[in-house]
Chemist: 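Provided herewith is a single structure, encoded as structure tokens, for subsequent inquiry.
Predicted, not measured: the structure shown is a model, and the values here were computed from it.
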Amino acid sequence: MTIERITLSDTLPRVFAGESVPASQVWRQDISFERGHNYVIEAPSGTGKSSLCAYIYGNRRDYLGAISFDGADISSFAPARWQELRRKALAYLPQELDLFPELTALQNIELKNSLTGHVRPQQIEEWLCELGIDSRAHYPVGRMSIGQQQRVAIIRCICQPFSFLLIDEPVSHLDSRNNEIAARIITDEARRQDAAIIATSVGNRIGISVDTLLHL
């Protein structure tokens, strides 16, 4: 299962209905995201960037307008179809990370990889080392810093096949060096899968090559 195009048609969070919404290149627009391209969506806090990712991933439906995958309105998708999409076509790194604090860094990653069988254990070890958290691989995530947790979550989110990778403020707690490393790892994996990246940012933008920059 793949997705070639994600389209938003006059989409807007319901909470903004009836309000004067600032000019946006995303909300209330007809806009498409194409597989194989990199997008960065910059937005101040409170303008709905996390909501946008949750809508596309199917976690929330409190929006007006429509969102479609290759012409099919996602509001009609059954749970079984969402499960398959999230396993084979959509990868997501939420701002809240959603890690299991009682599990170790490696266990959090392996839990995802055990469901997909997508990445070799040696590759996971290489990523941990490149991101400087190999020495923390067997620490409970709850005892790690937010920046370390963010690096764990980055590795976990790419341990699957995907056509689109949604990453919500993925480097907000990373210094410039780790931002660069994370960007390279994410870009390499997306390029290998001919996938699109949709990244949001309120300030510390991930250092990927950007095809399209949008303001929410």
Side-chain angles (χ1 to χ4, degrees), residues 1-18 21 23-43 47-96 98 112-113 115-119 153-154 156-170 186-187 189-201 206 208-216:
M1 173 176 283
T2 61
I3 302 170
E4 299 299 326
R5 177 183 297 172
I6 295 174
T7 303
L8 276 64
S9 302
D10 200 29
T11 308
L12 183 74
R14 286 188 182 277
V15 70
F16 295 155
V21 180
S24 170
Q25 293 177 300
V26 178
W27 298 137
R28 290 295 194 192
Q29 305 295 319
D30 290 328
I31 182 172
S32 291
F33 300 98
E34 304 283 346
R35 184 176 178 183
H37 296 269
N38 294 341
Y39 303 85
V40 169
I41 300 173
E42 291 192 334
T47 54
K49 59 180 181 47
S50 295
S51 297
L52 174 63
C53 291
Y55 296 158
I56 294 173
Y57 198 63
N59 280 351
R60 290 172 52 187
R61 297 187 180 183
D62 55 319
Y63 59 87
L64 305 172
I67 301 173
S68 62
F69 295 169
D70 296 332
D73 191 327
I74 67 173
S75 65
S76 66
F77 291 177
R81 185 168 183 182
W82 277 115
Q83 290 173 4
E84 188 173 11
L85 284 166
R86 292 168 183 163
R87 192 169 59 249
K88 297 180 180 179
L90 282 175
Y92 180 31
L93 172 60
Q95 186 179 347
E96 297 81 7
D98 290 346
K112 172 72 169 289
N113 200 47
L115 299 174
T116 65
H118 183 68
V119 179
I154 286 169
R156 183 190 62 176
C157 80
I158 58 175
C159 286
Q160 68 166 92
F162 57 86
S163 303
F164 282 82
L165 172 61
L166 310 171
I167 45 178
D168 189 11
E169 290 194 65
I186 288 170
T187 300
E189 186 61 23
R191 185 180 296 116
R192 191 179 70 81
Q193 300 198 47
D194 191 26
I197 300 170
I198 302 176
T200 71
S201 172
I206 186 169
I208 61 172
S209 175
V210 179
D211 296 305
T212 304
L213 175 64
L214 299 166
H215 295 278
L216 194 60

Chemist: We want to know whether Ser51 and Arg60 form a side-chain donor-acceptor pair, criterion being a heavy-atom distance below 3.5 angstrom.
Modeler: yes

Chemist: Between Ala91 and Cys157, which heavy-atom pair has the shortest distance, and what is it?
Modeler: CB-O, 3.4 Å

Chemist: Heavy-atom distance under 4.5 Å between the side chains of Leu64 and Arg28, does that happen here?
Modeler: yes

Chemist: Check the pair Ile197 / Ile167 against side chain to side chain contact (heavy atoms under 4.5 Å, CB included), numbers first and verdict last.
Modeler: CA-CA 8 Å; Ile197 300 170; Ile167 45 178; 3.7 Å; yes

Chemist: As an exercise, state the distance from OG of Ser24 to CD1 of Ile41, rounded to the nearest 0.5 Å.
Modeler: 8.5 Å

Chemist: Taking the side chain as everything from C-beta on, heavy atoms only, tell me whether Trp82 gets closer than 4.5 Å to Leu90.
Modeler: yes

Chemist: Please work out whether the ring planes of Phe33 and Tyr39 are parallel, tilted or perpendicular, with thresholds of 30° and 60°.
Modeler: perpendicular

Chemist: Measure the CD1-CZ distance between Ile208 and Arg191 for me, rounded to the nearest 0.5 Å.
Modeler: 10.5 Å

Chemist: Testing Ile31, Asp30, Ile67 for side chain to side chain contact (heavy atoms under 4.5 Å, CB included) with Ser9, which one passes?
Modeler: Asp30

Chemist: How many angstroms lie between CD in Glu84 and CE in Met1, if you round to the nearest 0.5 Å?
Modeler: 3.5 Å

Chemist: Take Leu8 and Tyr55 through the side chain to side chain contact (heavy atoms under 4.5 Å, CB included) test and state the conclusion after the steps.
Modeler: CA-CA 10 Å; Leu8 276 64; Tyr55 296 158; over 6 Å; no

Chemist: Rounded to the nearest 0.5 Å, how far does CZ of Phe162 lie from OH of Tyr92?
Modeler: 15.5 Å

Chemist: Which atoms form the tightest heavy-atom contact between Leu216 and Thr47, and what is the distance?
Modeler: CD2-O, 3.7 Å

Chemist: Can a donor-acceptor pair be found, under 3.5 Å and without considering hydrogens, that links the side chain of Asn113 to the backbone of Val119?
Modeler: yes

Chemist: Could you pull out the closest heavy-atom pair between Gln160 and Arg87, with the gap in Å?
Modeler: NE2-O, 3.7 Å

Chemist: Does the pair Arg14 and Arg61 meet the rule for a side chain to side chain contact (heavy atoms under 4.5 Å, CB included), with working shown?
Modeler: CA-CA 9 Å; Arg14 286 188 182 277; Arg61 297 187 180 183; over 6 Å; no

Chemist: Angle class for the Trp27/Phe16 ring planes (parallel below 30°, perpendicular above 60°, tilted otherwise)?
Modeler: perpendicular

Chemist: Test side chain to side chain contact (heavy atoms under 4.5 Å, CB included) on Ile154 and Leu93; report intermediate values, then the result.
Modeler: CA-CA 7 Å; Ile154 286 169; Leu93 172 60; 3.7 Å; yes

Chemist: Without swapping roles, check the side chain of Tyr57 against the backbone of Leu52 for a donor-acceptor pair under 3.5 Å.
Modeler: no

Chemist: Distance from Cys53 atom SG to Ile198 atom CD1, nearest 0.5 Å?
Modeler: 7.5 Å

Chemist: For the residue pair Asp73 / Ser68, report whether a side-chain donor-acceptor contact shorter than 3.5 Å exists.
Modeler: no

Chemist: Give the minimum heavy-atom separation between Ala196 and Arg35, together with the two atoms involved.
Modeler: CB-CA, 3.9 Å

Chemist: A side-chain contact here means heavy atoms from C-beta on lying under 4.5 Å apart; do Val15 and Asp62 qualify?
Modeler: no

Chemist: Are any side-chain N or O atoms of Asp211 and backbone N or O atoms of His37, one a donor and one an acceptor, separated by less than 3.5 Å?
Modeler: no

Chemist: How far apart are the closest heavy atoms of Ile74 and Tyr63, and which atoms are they?
Modeler: CG1-OH, 3.6 Å

Chemist: Side chains of Glu169 and Thr200: do they bring a donor and an acceptor to under 3.5 Å?
Modeler: no

Chemist: Side chains of Gln29 and Gln25: donor-acceptor distance under 3.5 Å anywhere?
Modeler: no

Chemist: Look at the side chain of Thr116 and the backbone N and O of Cys159, then say whether any donor-acceptor pair between them is shorter than 3.5 Å.
Modeler: yes

Chemist: State, to 0.1 Å, how close Asn38 and Ser209 come at their nearest heavy-atom pair, and which atoms those are.
Modeler: ND2-O, 2.9 Å

Chemist: Any chance you could measure Glu4, atom CD, to Ile6, atom CD1, to the nearest 0.5 Å?
Modeler: 10.5 Å

Chemist: Does Thr11 use its side chain to pair, donor to acceptor, with the backbone of Ala66 at less than 3.5 Å?
Modeler: yes

Chemist: Below 4.0 angstrom, N of the basic side chain to O of the carboxylate: do Arg5 and Asp70 qualify?
Modeler: no

Chemist: Taking side chain as C-beta onward, heavy atoms only, is Gln95 less than 4.5 Å from Lys49?
Modeler: yes

Chemist: Go through it in stages, so that I can follow the logic: the residues are Thr2 and Ser163, the test is side-chain hydrogen bond (donor to acceptor under 3.5 Å, both in side chains), and I'd like the CA-CA distance, side-chain angles, deciding distance and then a yes or no.
Modeler: CA-CA 6 Å; Thr2 61; Ser163 303; 4.8 Å; no

